[in-house]
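Just below is one structure, and these are the notes that go with it.
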Amino acid sequence: MIQISHLRKTYNKGRTVALEDVTLHIPAGEIFGLIGPDGAGKTTLFRLLATLLLPDSGKAQVNGLDVVRDYRQIRRCIGYMPGRFSLYQDLTVEENLQFFASVFGTTLAENYHLIADVYRMLEPFKHRLAGKLSGGMKQKLALSCALIHAPKVLFLDEPTTGVDPVSRKELWELLHHLNRTYGITMVVSTPYRDEVLQCHRIALMEAGRIVAVGPAADVLPEEERVQRTVPFVPPGEEVEGAIVAEGLTKQFGTFVACDHITFRVHRGEIFGFLGANGAGKTTAMKMLCGLSQPSNGWARVAGYDVAKEYEQVKQHIGYMSQQFALYDDLTVAENFRLFGGIYGMNRRQIKEQFQRWMQRLGMEHEAHKQVGALPLGWKQKLAFAVSIFHRPSIVFLDEPTGGVDAQTRRQFWQLIYEAAEEGITIFVTTHYMDEAAYCDRVSIMVDGQIRALDTPPRLMEQFGAADMYGVFFALARTAQRS
Amino acid sequence: MKQFYSFVRKEFKHIFRDKQTMLILLVMPLVLIGLFGYALSMEVRSTRVAVVDMQQSQESRRLVQRVDANAYFSVTEYLQSPAAVESLLRKGRADLALVIRTRNDVRQGKAELQILTDGSEPNLAQTRVQYLQQIVGLTASPTAAQPAVIVKMLFNPQSRSAYNFVPGVIGLILLLICAMMTSISIVREKERGTMEILLASPLPPLYVIVAKLLPYLVVSSVNVGTILLLSYYVLDVPIAGSIWVFCALTLLYIIVALALGLFISTVVRSQLAAMLLSLLMIVPAIYLSGMVFPVESMPEAAARVSYIIPTRWYIDGARKLLIQGVDPTHLSIHFLVLAVEAVVLLAVSVKLFKTRLQ
Amino acid sequence: MTVLYLIQKEFLQIARNLLLPIVFVVLPLAVINGVPRIATQEVKGLRFCVVDHDLSTTSARLIQQIDASAHLSLSAVCHHYAEAMEAVDAGQTDVVVEIPPHFEKNLRGKGAPNLLIAANATNGTKAGMAQAYLLQIIGDAQRALAQERGQQSVAVSPIAVNICFNPQLDYKLYMVPALLGLFLILIVGFLPALNIVGEKEKGTIEQMNVTPIRKWEFIVSKVVPYALVGLLMITEGLLVARGVFGFWPEGSIAVLFLFVLVFCMLVSSFGLIVSNYCQTLSQAALTMFFFLVIFLLMSGLLTPISSMPEWAQRLTLVNPLRYFVEAMRAIYIKGATLADVGSQLLALSVYASITWAWAIGSYRKNG
């Protein structure tokens with residue numbers, strides 16, 4: 001189905017090599033994984049196959065058609081889902097689907113059987129604007145849009161980034177179903193190990209080259225686990241927790257986004273704050289950071305009331321948002337200086353701390369590069385470093401590892417452990433259940449309420465699950481709203 | 001064809017869902033027409049005159065009375081000495097001063113009447129002095145055998161500024177909507193990543209282009225219609241020439257403006273850049289098109305540049321058609337220039353419009 | 001001082017931008033050098049055509065006299081009025097002068113010779129000026145003729161005309177101070193607003209909101225850099241005007257900059273208000289553009305306020321820009337002192353405090 005030989009692609013007039021001597025054969029009906037760290041050339045390969053880029057040299061065929069010469073025919077028989085933002089945010093679910101259907105000269109009714117499974121989940125929201133959907137729903141809709149014209153090949157570039165485990169599972173069940181029933185060939189890239197293992201075969205990519213091809217179980221290196229060197233011991237009850245929430249509630253009109261949540265995070269603890277997309281995690285986090293006012297209940301963060309003393313709260317916390325929030329057009333050093341300055345550090349402290357951090361991250365050579373030019377994984381590590389640069393007592397991390405490859409995620413968690421050992425309380429949300437297992441304690445939110453809260457081993461025991469995925473599914477299945 | 005139709009529908013939805021933008025697009029022409037039609041003009045209207053009557057004779061008083069009686073002038077200050085005049089003008093409390101000297105001064109060779117005016121507004125100053133000279137002169141010289149001059153203001157008997165401005169406002173609005181909004185809307189798809197999917201689909205690029213342009217063609221036509229109706233029924237601006245030729249000219253101009261927007265969108269990557277680039281093209285067009293400032297008054301070099309500006313041709317043509325009502329044959333050059341520009345811009349942008357990324 | 005770090009960041013970002021630094025340097029140069037030459041209402045190069053039915057020496061002399069004037073030039077000699085109208089339609093001429101038959105004879109005798117001036121009044125200003133010039137020339141010619149013949153000329157009392165402040169009636173001098181205000185609007189009004197909305201779209205503003213920086217620090221950091229750039233551009237503009245046209249403010253530079261500063265406060269807060277109510281760049285730009293066009297048109301920058309009807313003149317009283325344009329012109333051209341423009345300063349300050357209160361009130365860090 002896909003035949004690639006000695007493909008080469010460069011950017012910046014040959015200065016940056018994106019793909020080098022890529023040769024690959026993917027037979028029809030296969031689910032093929034493209035696996036590798038950021039900047040390995042996965043997206044470039046997708047774009048070449050989707051006829052969006054021209055190769056410098058080498059050949060590539062899709063469905064027996066040449067990507068350079070026969071690009072018009074290829075475009076007719078492929079479905080392409082680029083990483084994020086592939087929907088019109090100001091159109092409704094139904095309008096998006098109808099639009100993409102007619103772009104490919106078909107109708108919603110004609111190929112309804114293909115998308116019936118996903119669409120049944122989307123149907124209750126068909127008049128909602130795509131921009132107002134949760135992350136999981138958006139990706140389901142995007143997949144439906146890519147499927148609507150019954151393509152022979154599907155190119156999926158990180159289709160599950162920012163999607164919660166339940167939705168990810170549903171998406172993958174759908175992919176298998178389509179593959180089995182209609183024989184659709186799929187090329188997928190993903191940072192999730194469990195998804196990689198579901199591919200028939202994978203290619204490991206590194207720096208634009210393919211280093212290994214074969215069944216995932218053979219090719220994928222064994223996963224190393226991160227260990228917390230000093231185990232966390234919860235303090236006695238008399239010490240006030242780093243975060244104490246009592247009946248914390250946020251209501252938008254009649255919609256209760258966050259429904260009377262009560263919990264306590266100990267000092268120096270790594271607290272995992274889990275939940276499906278739209279369960280109310282971000283809303284709760286915004287209240288705790290002093291970004292939004294609670295409608296009811298109270299919470300104290302670092303000893304300050306989030307409703308009244310939110311400016312003091314901000315002085316004592318660090319925050320790393322879902323989107324990458326450093327300034328792309330400033331250099332690494334300038335970003336550190338800016339945020340250090342904002343938190344009242346003096347020039348000398350900034351300089352010393354900065355050098356220490358650069359050594360720790362091994363990025364001394366990048367100190368004066370603009371942040372926008374760095375790969376995503378590096379940016380995320382930098383953003384974390386910036387968020388604890390001023391030594392806050394608590395740091396909030398909102399999906400810090402979304403879209404980051406496995407190796408970088410491990411390095412990231414190493415950093416988190418080091419910070420925790422220095423006494424910083426970590427409050428983190430994530431969709432990676434292996435990361436959930438790294439936390440000291442975990443809470444799981446469903447429909448705006450905290451339904452479970454304990455250490456990962458005890459939760460697994462309580463729900464009789466082998467891993468955190470099991471725990472999450474057991475709880476998320478009870479969800480009423482999406 | 002169905003592909004195309006649904007694409008166009010989607011574009012309309014984008015426009016209509018952004019209420020704030022839609023409101024501004026529809027209200028802007030009304031406000032501009034209102035302002036240009038009623039508020040803005042270059043005519044001399046109320047001139048505040050300070051009088052220094054040192055003569056204090058019957059004649060001098062009669063003179064002052066006559067000045068005050070004139071519709072354009074009103075005497076607002078009486079001063080004792082000419083020395084105070086300049087400070088008064090500087091403070092902006094009077095526009096003009098009339099000094100009437102004593103007979104004694106006149107005998108010593110001084111002029112009997114002196115007009116001092118605030119020259120900081122050059123055109124007004126000139127016209128005011130001329131008007132005042134006429135009023136004063138009439139009293140001084142009983143008419144001899146002067147040739148009676150009949151003055152005819154062709155096409156615009158009351159010399160109303162609105163006649164001049166309406167075509168200009170249309171030209172400006174069309175450029176703003178068609179060039180700026182179009183380029184931003186295309187670049188937005190690039191920025192948000194949806195362009196990638198459209199490119200990877202079998203949709204012909206020409207469909208994408210035309211579907212993107214069409215809604216703005218409709219919005220701008222609605223605007224032209226409103227402006228024309230308002231100016232005809234409310235401002236009494238005539239439609240002297242053929243309305244069909246005017247529509248044809250307008251349509252051609254809209255196409256040029258759309259092509260310009262398309263061209264801008266092919267050379268930039270971000271919405272901000274699209275906006276800056278279109279402003280960089282629109283602002284000179286305002287100055288060089290003769291919309292406010294007549295092309296004839298420009299220095300040679302600027303006037304030559306103005307020949308490549310489509311707005312200049314459109315405004316000139318529209319004025320000739322609407323106000324003067326000339327025969328369409330006189331406008332062949334206008335049509336020709338606009339058509340050539342439309343073809344060139346479209347050809348270049350279609351060529352630059354990539355069927356692939358990068 | 002936290003705010004210094006923030007200001008430093010803004011400057012770095014401005015410097016990194018590919019377009020902005022060039023705009024900052026080139027804009028004053030291009031605008032001050034170019035716009036006053038183009039943006040002139042001065043009417044010159046009027047073309048007239050003649051339909052001479054008399055064909056006498058007197059009529060020929062009159063035509064010569066008109067042609068010799070600095071403002072009018074002969075474009076064609078036509079035989080019929082219809083032919084002349086054809087030239088008007090074709091855009092070849094602006095005014096038609098028709099000299100009736102027996103013009104010379106009638107002038108000598110008692111009959112009133114009727115000269116006809118027909119001006120294309122599509123552009124009313126132009127037609128008005130053409131009329132005024134022609135009447136003056138014809139009047140002069142007639143008087144000269146009368147004197148030649150030894151007829152007793154009527155003693156027209158001499159009127160001395162003094163044009164103060166701008167004796168050459170140079171339109172460029174009129175435009176320069178107002179154009180300086182335009183830079184400020186673009187740089188100090190537009191850029192901070194677009195900058196803030198840009199941070200909203202990118203999501204970096206959220207990161208700023210969870211830091212302990214205070215409202216005023218954030219706002220000051222957005223305004224001060226652009227205000228400083230604005231001041232530098234004004235200085236550059238003043239120097240360019242001096243170099244190119246030899247203009248220099250008549251009044252005190254200090255008073256001029258005082259106004260510039262207050263005006264900076266005003267437009268920047270206006271930009272902030274717009275940025276607080278807009279979510280996307282295109283919305284912000286269009287909204288700013290819409291309001292600024294109205295404020296500009298009603299400020300007297302392009303057309304004089306005294307030419308507006310009464311109600312519109314009263315309306316301009318609520319337009320802060322009006323006071324700025326008025327004061328800049330008074331200081332620059334007329335050499336007004338602080339006392340002379342005190343009322344304008346007061347008005348601007350009042351407006352600036354209102355818009356600042358609004359800007360700060362509508363900026364929400366905690367919703």
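Only a predicted model underlies this, so the values are computations on that prediction, with no experimental measurement involved. Letters A, B, ... are given to chains in the order of the sequence lines, protein chains preceding strands, and every chain is numbered from 1.
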What do the steps show when you test A/Ile342 against C/Met208 for side chain to side chain contact (heavy atoms under 4.5 Å, CB included), and what is the final call? CA-CA 9 Å; A/Ile342 286 176; C/Met208 280 293 155; 3.7 Å; yes
Against chain C, work out which of A/Ile317, A/Val313, A/Leu330 has the most heavy-atom pairs shorter than 4.5 Å and name it. A/Leu330
Structural part of A/Phe396 lying under 4.5 Å from a heavy atom of chain C: neither
Interface residues of residues 4-14 of chain C facing chain A - heavy atom cut-off under 4.5 Å: C/Tyr5, C/Leu6, C/Gln8, C/Lys9, C/Leu12, C/Gln13
Please look at A/Ile350 and chain C and tell me whether the side chain, the backbone, both or neither of the residue comes under 4.5 angstrom of a heavy atom of that chain. side chain
Which atoms of A/Gln315 come close to chain C, meaning under 4.5 Å heavy atom to heavy atom: side chain ones, backbone ones, both, or neither? both
Check this for me: C/Trp358, atom CH2, are more than 12 non-hydrogen atoms of other residues, nucleotides or ligands nearer than 6.0 Å? no
Counting only heavy atoms closer than 4.5 Å, note whether A/Gln370 contacts chain C via side chain, backbone, both or neither. side chain
side-chain hydrogen bond (donor to acceptor under 3.5 Å, both in side chains) contacts touching residues 228-245 of chain C (sequence neighbours left out): none
C/Thr211 side, atom OG1; A/Phe339 side, atom CZ - distance, nearest 0.5 Å: 7.0 Å
What part of A/Asn335 gets closer than 4.5 Å to chain C, counting heavy atoms only: side chain, backbone, both or neither? neither
Show the numbers, then the answer: is there a side chain to side chain contact (heavy atoms under 4.5 Å, CB included) between C/Arg16 and A/Asp328? CA-CA 10 Å; C/Arg16 291 273 149 77; A/Asp328 274 350; over 6 Å; no
Rounded to the nearest 0.5 Å, how far does CD1 of C/Ile213 lie from CD of A/Glu311? 9.0 Å
Counting heavy atoms not belonging to A/Lys286, are there more than 12 under 6.0 Å from its NZ? no
Could you have a look at A/Arg347, A/Met320, A/His316 and say which one has the most heavy-atom pairs with chain C under 4.5 angstrom? A/Arg347
With a 4.5 angstrom heavy-atom cut-off, is it the side chain or the backbone of A/Ser387 that approaches chain C, or both, or neither? neither
